[in-house]
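Structure record follows, encoded as structure tokens.
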Amino acid sequence: MNKKNPREDHIVIVSNRLPFVLKKSEGGNIEVGKGTGGLVTAMAPVLKNRHGTWVGWPGYVQESDTDETMLSAIQSAASGYSVKPVMLTTDEVKNYYEGFSNSILWPLFHDSTDKCLFFPEYWKSYKEVNKKFALTVYRNADDLDFLWVHDYQLILVGGYLREMDIGNRIGFFLHIPFPPIDTFARCPWRFELLSAMLEYDVLGFQTIQDKRNFIGCLASILQHAGIDAKAEVDEAVSELQFDGRTVRIGVFPISIDYHEIILEADKSRGYKGAEEKCGDDRNVNLLGVDRLDYTKGIVEKLKAYQRFLTLFPKLHKKVHFIQLVVPSRGEIAAYVELKLKIEQLVGEINGIFGTADWLPVRYMFRPLDSTELISLYRASEIAFIGSLKDGMNLVAKEYCACNIDEKGVLILSEFAGAAQQFYQDAILINPHDIEGTAMAIYRAFTMPLEERSLRMRNLRENVKNRDVFWWLDSFFNAAIVKS
Ligand code: GDG
């Protein structure tokens, strides 16, 4: 097979979703909206500066192929790159997307095996849709394009491209955690998934723990099947020989376009009066921004806040917990139940502690536009991130970047990938420890200005030095074969 080095200026990105959402209005017109979510945030600046092609699902169901009106609506939403849509039918959305992707792989990779539904029809559809994505790539890629497949919905795409005898270099980046062997081994299709991952030339993970888990799974599952697949864990990028090829395995913590977000933050309405008072005299917004997801620990955060209000009655009316929840995966039962649970708790806390002039929790369930989101970051003295498991968590990075005055505090779950980068300067919490998290809120609230500034300066420096372009370059360097 003729594998050539990729051209840095020509990438084909393959992800389940395109960076925008198309909806058909009642009158039959196609409306284009911006997509939200971590993958879109990270990848949008990558193509903007390099051209290339994005292959993905535009987010609505269609039983037949794309038509011209849709193609032009899709293309006009993309600036500087071309878009190749992959359309999904109702059955595919149910079995591949809601089923295998979000009711097997998502919970399995996030330590929530109780939510896994190992239905064979999900696996069948996952294979078919991955093949469909591969075919779209095959039809649209040039010889020197670097093919970059993203995330858990599309693990098999690389393998199908090899079957189509494509000679390009192909990379894969996993945005979510990779589970340990005890968890991964429960999956009936563990062997097929692992083997498919070894069809890529370069595999990227968010943290060293994810890479370690992956290599542990290889050692156990493939070697049981008599396949030799050993790699060093501790090197930044390690190499594994498999089937006469070299597979590179690296750790690339994803990030944000730091400079772009600072420009936006600078323009947004300023801090609501950055208070210099110390200790109990401050008035503080505590901010949570999460997609509706059981992995984000929203219920645990609310319980910890409730405990904090019980422990510190003197601080009532001085703290406002603003929790933005962005609708997500609303067709899946676990998400519907979670929404009810969150809303019940919000009501309970406001009912117990609220007064005529103070609402302890301000809850929003809708997406905001990016300008609103940025002014919320700027207006909040504490960011509160309580993921039970999270690949990275870009909200943590965005909050720090937007904290231009360097007076804010980041409370961060030790189970978010970002904690491996921020452990020295964030207040780390174990979100399962409700009492400990309540005390962490108190600590953030009472932290002296000097300490807050020092920590926030370090956090921002960290994000600045490792922005999304640093991430892209590191991945690309690993993808290139040095002669
Ligand atoms: C996956 C992994 C990993 C949120 N609300 C609004 C909005 N957002 C944007 C945020 C941020 C993104 O969505 C959320 O990113 P996260 O990283 O926090 O989480 P996931 O969506 O679960 O992302 C995650 C990521 O992929 C990247 O690899 O970090 O671990 O789970 O950018 O700003 N954006 C707008 N309005 C909102 O209301 N415009």
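Just follow the structure's listing: the first ligand is 1, and inside any ligand the first atom is 1. Just the heavy atoms: all of them, side chains too, but no hydrogens, waters or symmetry mates, feed the values below. When a residue number appears, it is its place in the shown sequence, counting from 1.
Here's the thing with P367: none of its N/O atoms is less than 3.5 angstrom from an N/O atom of ligand 1. The N/O atoms of N393, backbone and side chain alike, include one that comes under 3.5 Å of an N/O atom in ligand 1. Looking at ligand 1, you won't find any N or O of W106 less than 3.5 Å from one of its N or O atoms.
For the pair W471 and ligand 1, no heavy-atom separation below 4.0 Å is found. Distances from ligand 1 to the non-hydrogen atoms of E372 include no value under 4.0 Å.
A distance-only check finds a donor-acceptor pair linking the side chain of K211 to the backbone of I249 [under 3.5 Å]. Looking at T437, its side chain never comes within 3.5 Å of a backbone N or O of I429 through a donor-acceptor pair.
A donor atom on one side chain and an acceptor atom on the other are found under 3.5 Å apart for Y335 and D293.
With distances taken over non-hydrogen atoms, the option nearest atom 16 (P) of ligand 1 out of I261, V326, L394, T295 is L394. Closest heavy-atom approach to atom 8 (N) of ligand 1 within the set V395, I374, L373: this belongs to L373. In this comparison of E398, K389, H150, the heavy atom closest to atom 11 (C) of ligand 1 sits on E398. Around atom 27 (C) of ligand 1, the closest heavy atom drawn from H175, K296, R291 belongs to H175.
Less than 4.0 angstrom separates some heavy atom of Q206 from each of these atoms of ligand 1: 3 (C), 28 (O). Within ligand 1, the atoms closer than 4.0 Å to a non-hydrogen atom of L368 are 35 (C), 36 (N), 37 (C), 38 (O), 39 (N), numbered from 1 in the order shown. Listed by atom number, the atoms of ligand 1 under 4.0 Å from I254 heavy atoms are 27 (C), 28 (O). The distance from ligand 1 to the heavy atoms of G391 drops below 4.0 Å at these ligand atoms: 30 (O). Taking every heavy atom of L324 and a limit of under 4.0 angstrom, the matching atoms of ligand 1 come to 38 (O). For ligand 1, the atoms lying closer than 4.0 Å to a non-hydrogen atom of D390 are 24 (C), 30 (O), 31 (O).
Atom CD1 of residue I176 and atom OG1 of residue T295 lie 9.0 Å apart, to the nearest 0.5 angstrom.
Taking the six-membered ring for Trp and the full ring otherwise, Y126 and W189 have centroids separated by 6.0 Å or more. Taking the six-membered ring for Trp, W471 and F173 have ring centres closer than 6.0 Å.
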Side-chain donor-acceptor contacts of residues 361-370 below 3.5 Å, not counting sequence neighbours, with atom names and distances?
residue : atom : partner : partner atom : Å
R362    : NH2  : H320    : ND1          : 3.2
Y363    : OH   : E343    : OE2          : 2.7
D369    : OD1  : T371    : N            : 3.1
D369    : OD1  : E372    : N            : 3.0

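Qualifying salt bridge (charged side-chain N to carboxylate O under 4.0 Å, His left out) partners for K303, counting only residues two or more places apart in sequence or in other chains: none.
Checking F475, F252, F172, W54 one by one against W148, the ring pair (Phe, Tyr, Trp, His ring centres under 6.0 Å) holds for a single residue, F475.
A perpendicular orientation is assigned to the rings of F205 and F178, their planes being inclined by more than 60° (bins at 30° and 60°).
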